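To start, the structure itself, in structure tokens.
Since we're looking at a predicted model, the values are computed, not measured. When a residue number appears, it is its place in the shown sequence, counting from 1.
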Amino acid sequence: MVRILSHPSPFLSFTVDIYTIKPESFEESPLVLGATVAAAAWSGRFLIGAWQAFKARPVVPRVQRFYKGGFEQKMTRREAALILGVRESAVMEKIKEAHRRVMVANHPDAGGSHYLASKINEAKEVMSGKTKDNVAKVLPSGPYIFPHMS
């Protein structure tokens with residue numbers, strides 16, 4: 001071991017220790033060097049294989065932004081949610097916001113389809129629970145008798 005004492009200024013002093021390598025440690029160096037080269041080669045082989053597998057994987061879209069497919073005969077809540085781009089359990093505020101956003105993009109006056117606009121409106125009705133079937137159940141046909149008029 002070699003000890004170097006240095007005093008660059010009278011206020012600062014420090015020591016630096018330098019250790020020398022003993023001649024006996026050179027006998028172990030080829031073994032350590034060989035193990036290091038083997039580990040680097042094995043790691044490189046593994047990384048090259050992993051990279052090739054990554055590049056060869058099929059490309060799968062992670063998020064579908066639009067509902068693909070035709071419409072069902074009677075619109076379900078799931079289909080309505082897919083059309084509007086909301087969850088099936090969305091609150092009315094989110095449904096109205098989504099309906100407005102989709103209608104602005106597909107309005108017939110702006111070059112959109114009348115059929116798509118009707119489906120978007122139907123999706124809003126289904127999600128809000130105000131379908132034509134529900135309205136018919138609430139307002140039965142026939143004469144109305146109000147209790148306070150009899």
Side-chain angles (χ1 to χ4, degrees), residues 4 6 8-9 11-19 21 25-150:
I4 300 172
S6 175
S9 71
F11 302 108
L12 181 65
S13 67
F14 60 91
T15 61
V16 176
D17 292 334
I18 301 174
Y19 294 96
I21 300 174
S25 64
F26 283 119
E27 295 170 358
E28 298 171 0
S29 294
L31 181 63
V32 172
L33 181 64
T36 304
V37 169
W42 181 78
S43 299
R45 180 178 176 204
F46 175 76
L47 289 174
I48 289 171
W51 178 251
Q52 288 173 347
F54 176 75
K55 285 176 57 177
R57 78 190 193 309
V59 178
V60 178
R62 294 178 186 245
V63 178
Q64 292 182 352
R65 298 195 70 178
F66 302 104
Y67 174 63
K68 293 183 178 178
F71 297 107
E72 299 174 14
Q73 283 297 99
K74 183 176 180 186
M75 188 174 292
T76 61
R77 190 163 177 84
R78 179 182 179 279
E79 183 181 22
L82 286 170
I83 290 170
L84 294 177
V86 295
R87 295 176 185 239
E88 289 184 51
S89 60
V91 294
M92 193 61 197
E93 180 180 315
K94 293 279 186 184
I95 294 169
K96 285 181 180 178
E97 179 184 320
H99 175 262
R100 184 178 185 285
R101 185 184 67 245
V102 175
M103 274 304 286
V104 165
N106 295 294
H107 199 275
D109 292 344
S113 165
H114 288 281
Y115 179 72
L116 285 179
S118 69
K119 285 297 184 179
I120 294 167
N121 288 331
E122 184 181 356
K124 179 186 174 195
E125 291 172 0
V126 168
M127 289 298 290
S128 64
K130 298 178 183 174
T131 61
K132 293 176 185 175
D133 296 336
N134 288 346
V135 172
K137 290 177 187 174
V138 172
L139 299 174
S141 60
Y144 296 104
I145 301 172
F146 297 101
H148 66 278
M149 296 182 132
S150 55

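- A 4.5 Å side-chain heavy-atom check between Met75 and Ile83 finds at least one atom pair inside the cut-off.
- Note that CD1 of Ile120 is 9.5 Å distant from NE2 of His107, once rounded to the nearest 0.5 Å.
- Distance alone, capped at 3.5 Å, places no donor-acceptor pair between the Arg100 side chain and the Glu97 backbone.
- At a threshold of 4.5 Å between non-hydrogen side-chain atoms, the residues Asn121 and Met103 count as touching.
- How far CD of Gln52 is from CZ of Arg57: 14.5 Å, rounded to the nearest 0.5 Å.
- The nearest pair of heavy atoms linking Ser113 to Pro108 is O-CG, 4.0 Å.
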Could you please spell out the steps behind the side chain to side chain contact (heavy atoms under 4.5 Å, CB included) verdict for Val126 and Thr76?
CA-CA 7 Å; Val126 168; Thr76 61; over 6 Å; no

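- At distances below 3.5 Å, not a single donor-acceptor pair connects side-chain atoms of Arg78 with backbone N or O atoms of Glu88.
- Across all non-hydrogen atoms, the minimal contact from Ala90 to Ile95 is O-CD1, 3.7 Å.
- By the 6.0 Å contact criterion, NZ on Lys119 is enclosed, its count of non-hydrogen atoms from other residues, nucleotides or ligands being greater than 12.
- Scanning both residues, Ala81 and Met127, for their nearest heavy atoms gives N-SD, 3.8 Å.
- One distance of note links CG of Asn106 with CZ of Arg101; it measures 11.0 Å at 0.5 Å rounding.
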